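Keep in mind that what you see is a predicted model, and the values were worked out from it rather than measured. Proteins get letters first, then strands, A, B, ... in listed order; numbering begins at 1 in each.
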2 protein chains.
Amino acid sequence: MTLFLSTFINKVDRKGRVSVPASFRAALADQTFQGVVLFRSHGHACIEGFPQSFMAELSDRLDNFDLFSADQDDLATSIFGESVQLPFDGDGRIILPANIIEYADLGEQCAFVGMGRKFQIWNPSAFEARKSEARENVKSRGVTIPKTAGGA
Amino acid sequence: MTLFLSTFINKVDRKGRVSVPASFRAALADQTFQGVVLFRSHGHACIEGFPQSFMAELSDRLDNFDLFSADQDDLATSIFGESVQLPFDGDGRIILPANIIEYADLGEQCAFVGMGRKFQIWNPSAFEARKSEARENVKSRGVTIPKTAGGA
DNA sequence: TAAGAATCCATGATATCCCATAAATATCCA
DNA sequence: TGGATATTTATGGGATATCATGGATTCTTA
């Protein structure tokens, strides 16, 4: 199992610690770096989470932009420049930095949302809204999954 | 045999456990992940069930989208965020999460309905109603099965 | 030496594993 | 072919391990 699936709501304690769901940890077990990489999402008030090994692929994908384009520069800055690498403690928890908590408006709880090869961290009630929005978009815009390469 | 066929009604015990029909398990025997992936159906008050490999395929296809595009995000949220991955215990049972039981209104029993490459889980009496509805629709609208992909 | 981090330990809840039973099915052998 | 014996299944219950969580203790380092 290597995919991040399902949604888990865990508690953020007074120290900013939160358990990464056990199944997410299992999906990260084969990594050399035992932990996650987080950065603030561009499109939403949430946090993007990746395995450390996936960051290399992200970099490759960014190279498909023109090397000196404004877009490439912006993305690289906001992703690599702002990402944080958070190791698990002995009990599978990470400590969320203050700016992350603030950006995603995380309170006592946060939602870990599986997105396949990555995941997101949300304020639970904000995610509820996001969930219906996503479902609505898929339906109304008729978004489908392309069979092979070449999708939008 | 790799298809889910026929309908089986099994008991949901006090712990929320239910046996996956043996023939369904046989259809999943070649998988690396020994278990099923479930999510709430959009069209009906039932649960959709898939082999985990199906999710892996979806993930591969999603990789054709730009990583942070709105479409990718919407699809990943509504597909992966809302699914759950349930492993078999030693006796071929799974534990149904509370929100799944609630959504499909499952009581003491549930019906596993083979649908070919996927299956559905229903409240048995709700499924009886659904069955006659489906048969009626097929008859009145003269629905048929197209020869290959991309039919009518 | 005080503030913040990292590590360690305790605990209840829950999932996982293991075994027992009974019914249904399959298998075997005279 | 008949009938006795194995296997497989679905189901229930209890023991055990895991997980999320909170708090305490040790370690850094400013």
Side-chain angles (χ1 to χ4, degrees), chain A residues 1 4-29 33-38 49 84-102 106-114 119 121-124 127, chain B residues 1 4-29 31-38 49 52 83-102 106-114 119 121-124 127:
Chain A
M1 199 261 283
F4 300 105
L5 286 183
S6 187
T7 296
F8 302 88
I9 293 181
N10 285 343
K11 253 188 180 171
V12 182
D13 71 14
R14 228 175 312 153
K15 304 178 187 176
R17 291 184 303 185
V18 61
S19 278
V20 175
S23 69
F24 283 24
R25 264 151 39 210
L28 293 162
F33 172 70
Q34 279 304 293
V36 297
V37 175
L38 303 184
V84 288
Q85 213 171 349
L86 303 176
F88 296 139
D89 70 10
D91 304 317
R93 285 180 285 199
I94 55 176
I95 300 182
L96 298 172
N99 69 321
I100 290 233
I101 290 182
E102 189 191 355
L106 302 179
E108 295 212 333
Q109 302 196 112
C110 68
F112 286 81
V113 181
F119 61 92
I121 302 178
W122 284 82
N123 172 311
F127 178 64
Chain B
M1 201 259 280
F4 302 108
L5 290 180
S6 184
T7 295
F8 302 87
I9 293 181
N10 285 343
K11 244 187 184 175
V12 182
D13 71 14
R14 225 178 316 155
K15 301 180 184 177
R17 291 183 302 186
V18 61
S19 279
V20 175
S23 69
F24 284 23
R25 262 148 44 208
L28 294 164
Q31 300 263 316
T32 46
F33 173 73
Q34 279 304 293
V36 296
V37 174
L38 303 184
Q52 202 258 4
S83 66
V84 288
Q85 199 170 24
L86 304 176
F88 296 139
D89 69 10
D91 305 317
R93 286 180 285 197
I94 54 176
I95 302 181
L96 298 173
N99 66 324
I100 292 252
I101 290 183
E102 189 192 355
L106 303 178
E108 295 213 333
Q109 302 197 113
C110 67
F112 286 81
V113 182
F119 61 91
I121 302 178
W122 284 82
N123 172 313
F127 177 62

Kindly give the heavy-atom pair with the smallest separation between [X] and [Y], and that separation in Å.
X        : Y        : answer
A:Phe112 : A:Ser19  : CE1-O, 3.6 Å
A:Gln109 : A:Pro124 : O-CD, 3.4 Å
B:Leu38  : B:Gly49  : CD2-CA, 3.6 Å
B:Val12  : B:Cys110 : CG2-SG, 4.0 Å
B:Val84  : A:Ser6   : CG1-OG, 3.3 Å

Gap separating the [atom1] atom of [X] from the [atom2] atom of [Y], nearest 0.5 angstrom:
X       : Y        : atom1 : atom2 : value
B:Ser83 : B:Ile100 : OG    : CD1   : 9.0 Å
B:Arg17 : B:Leu86  : CZ    : CG    : 14.0 Å
A:Asn10 : A:Ile121 : CG    : CD1   : 10.0 Å
B:Gln31 : B:Arg25  : CD    : CZ    : 14.5 Å

Restricting to side chain to side chain contact (heavy atoms under 4.5 Å, CB included), what partner residues turn up for B:Ile101, sequence neighbours left out? B:Leu96, B:Leu106
Reading DNA chain D from 5' to 3', where do the contacts with chain B start and stop? Cut-off is 4.0 Å to heavy atoms. D:dT9 to D:dG14
Please give me every residue in residues 8-16 of chain B whose heavy atoms get under 4.0 Å of an atom in DNA chain C, ordered by residue number. B:Lys15
Between A:Phe119 and A:Phe24, how do the two ring planes meet: parallel, tilted or perpendicular, split at 30° and 60°? tilted
With a 4.0 Å cut-off on heavy atoms, is B:Val18 in touch with a base, just the backbone sugar-phosphate, or nothing at all? nothing
Has A:Gln34 got a side-chain atom pairing as donor or acceptor with A:Gly92's backbone, closer than 3.5 angstrom? no
Whether A:Glu102 side chain and A:Pro97 backbone form a donor-acceptor pair below 3.5 Å: no
Just how large is the angle between the end axes of the helix from C:dT1-D:dA30 to C:dA30-D:dT1, five pairs per end, to 10 degrees? 50°
Between which nucleotides of DNA chain C, read 5' to 3', does contact with chain B run, using atoms under 4.0 Å from its heavy atoms? C:dA15 to C:dC19
Would a 4.5 Å heavy-atom cut-off, applied to side chains only, mark A:Ile94 and A:Phe88 as touching? yes
Going by an N to O cut-off under 4.0 Å, is there a salt bridge joining A:Asp13 and A:Lys15? no
Can you list, by residue number, the residues of residues 88-98 of chain B that have a non-hydrogen atom closer than 4.0 angstrom to DNA chain D? B:Asp91, B:Arg93
